[in-house]
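Notes follow once the structure below has been shown.
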Amino acid sequence: MARLLLTGGAGFIGSHTALVLLEAGHEVVVLDDFRNSSPKALERVQELSGRSLDLVAGSLGDPATLERAFGGGLYSRGGAIDAVIHFAGLKAVGESVRHPLLYWDVNVNGSRLLLEAMDRAGCRTIVFSSSATLYGMPERTPIVETDAVRPINPYGHSKAAVERMLADLCETGADWRVASLRYFNPVGAHPSGRIGEDPEGIPNNLFPFVSQVAVGRRPELQVFGSDWPTHDGTGMRDYIHVMDLAEGHRAALDTLLREPPQLLTLNLGSGRGHSVLDVVRAFEIASGRSVPYRLVDRRPGDAAETVADPSLAAERLGWRTSRSLEDICRDGWAWQQANPSGYR
Ligand code: UDP
């Protein structure tokens, strides 16, 4: 059992990971400023697990918040943090293009402040939320970890910069244990339908958009590009069930805490690609609703196909995905139906 700090633990991936870690018997402290998440997610995580977690409400940019997170404050149980899982950050590609400095501040500077606080507290074990976005326009697929890191937007650059910062720390010889997990496309929800993804405003991503069309909140889906070199002309992605992803974090943490200090850089994906129209069809079957769509032009910056080669994660963590596109659609639909307006 370890005492774990989850920055951004109230968000989509953070909340599902918090649940998996509580169920595994760990103690969980969540640091979150709720700028893009809801305290309700944490209430439901506690209800589902039957266990309580500690909350430090605030941002990484606030020194007092970090101080409290690392044991300077009063907790119900207290004690030192054994490891950090760092989810906190901004993740909208379009917003990052309009406001690059915001991304350098929140994602890069926020991570630096966190790492400084960890170093001061003598906690040098961290799992970092990285992203397949840092591969940019991949030259081949499936993508392996040694393929070029070539971000094409400020969001991707911010993830690459934090990976670099972590790799530099590992070079100091100060016994850092680091896992940078490069997520492919996290989707779905906990099968209870109690926690799930709750994007603010009009969703940018395919899955929340499709489920909002199915539930009648939006009239139709725009399919970005039908002339890609794929089996049906629409873009292919590697969709990973958020519960598989949460279990991947648990496996990464177990590996870091068990093995000698090291830097792990791993793709977390299923290794399978699905097109936009595959997703539409699977969602229609899972929901019993129709998902009207219109084929429109390609979205700037999109790639035809991004699929992970997840074999290194399988080898190093003993982890692989076990849930299918059908499971993703069924669980995503259960969440959407029970919470048509998310946590609001
Ligand atoms: N997509 C689409 N319509 C939308 C949103 C996304 O056709 O309203 C497509 C997009 O072009 C890509 C796939 O769905 O091929 C996944 O897009 P998403 O934004 O979810 O993830 P990412 O582009 O970051 O992989």
Side-chain angles (χ1 to χ4, degrees), residues 11-13 36 89-97 103 107 129-138 141-143 147 149-160 181-189 196-215 217-242 245 267-284 291-310 325 328-329 332 336:
F12 174 42
I13 303 167
N36 192 23
L90 300 176
K91 59 170 186 178
V93 170
E95 180 188 54
S96 81
V97 174
Y103 276 68
N107 291 4
S129 288
S130 189
S131 169
T133 308
L134 52 68
Y135 294 114
M137 293 286 193
T141 193
I143 301 170
D147 285 350
V149 168
R150 254 187 240 130
I152 56 168
N153 52 60
Y155 167 67
H157 280 292
S158 73
K159 291 291 174 186
L181 305 181
R182 296 176 174 171
Y183 309 157
F184 280 66
N185 291 60
V187 289
E197 188 173 13
D198 183 19
E200 227 171 282
I202 301 170
N204 294 312
N205 297 110
L206 180 65
F207 256 87
F209 206 102
V210 165
S211 58
Q212 291 189 8
V213 172
V215 85
R217 223 168 122 183
R218 310 202 178 269
E220 65 174 10
L221 170 74
Q222 296 194 344
V223 176
F224 299 141
S226 49
D227 56 352
W228 293 106
T230 61
H231 70 87
D232 60 14
T234 65
M236 307 266 292
R237 293 290 181 277
D238 184 333
Y239 296 99
I240 173 170
H241 195 298
V242 65
L245 191 56
N267 287 340
L268 295 193
S270 71
R272 286 185 308 272
H274 294 288
S275 74
V276 176
L277 294 182
D278 292 338
V279 168
V280 167
R281 251 173 257 118
F283 209 90
E284 288 186 326
V291 176
Y293 66 84
R294 193 156 46 95
L295 305 176
V296 301
D297 286 346
R298 293 179 179 189
R299 179 171 66 177
D302 268 356
E305 185 168 348
T306 55
V307 176
D309 178 338
L325 182 63
I328 287 170
C329 293
Q336 179 67 62

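Counting convention: from 1, in listed order, for ligands and their atoms alike. Every heavy atom of this structure was used, including side-chain atoms; hydrogens, water molecules and symmetry mates were not.
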Tell me, which protein residue and heavy-atom name are nearest [atom], and how many Å apart are they?
atom	result
atom 12 (C) of ligand 1	Arg237 NH2, 3.7 Å
atom 18 (P) of ligand 1	Asn205 ND2, 3.5 Å
atom 7 (O) of ligand 1	Phe224 N, 2.9 Å
atom 17 (O) of ligand 1	Arg299 NH2, 3.4 Å

- Does any N/O atom on Leu206 come nearer than 3.5 Å to any N/O atom on ligand 1? yes
Using a 4.0 Å cutoff against the non-hydrogen atoms of [X], which atoms of ligand 1 qualify?
X	result
Tyr239	13 (C), 16 (C)
Val276	7 (O), 9 (C), 14 (O), 15 (O)
Val223	7 (O)
Gln222	2 (C), 3 (N), 4 (C), 7 (O), 8 (O)
Asn185	21 (O), 22 (P), 25 (O)
Asn204	5 (C), 19 (O)
Asp302	10 (C), 11 (O), 23 (O)

- Item | Considering all heavy atoms, the nearest Tyr135-Arg182 contact | OH-NH1, 2.9 Å
- Message: Please find the pair of heavy atoms, one from Pro292 and one from Val213, that lie closest to each other, and give the distance.
- Response: CD-CG1, 3.6 Å
- Should Tyr239 and Ser270 be marked as a side-chain hydrogen bond (donor to acceptor under 3.5 Å, both in side chains) after you check the CA-CA gap, both sets of side-chain angles, and the distance that decides it? CA-CA 7 Å; Tyr239 296 99; Ser270 71; over 6 Å; no
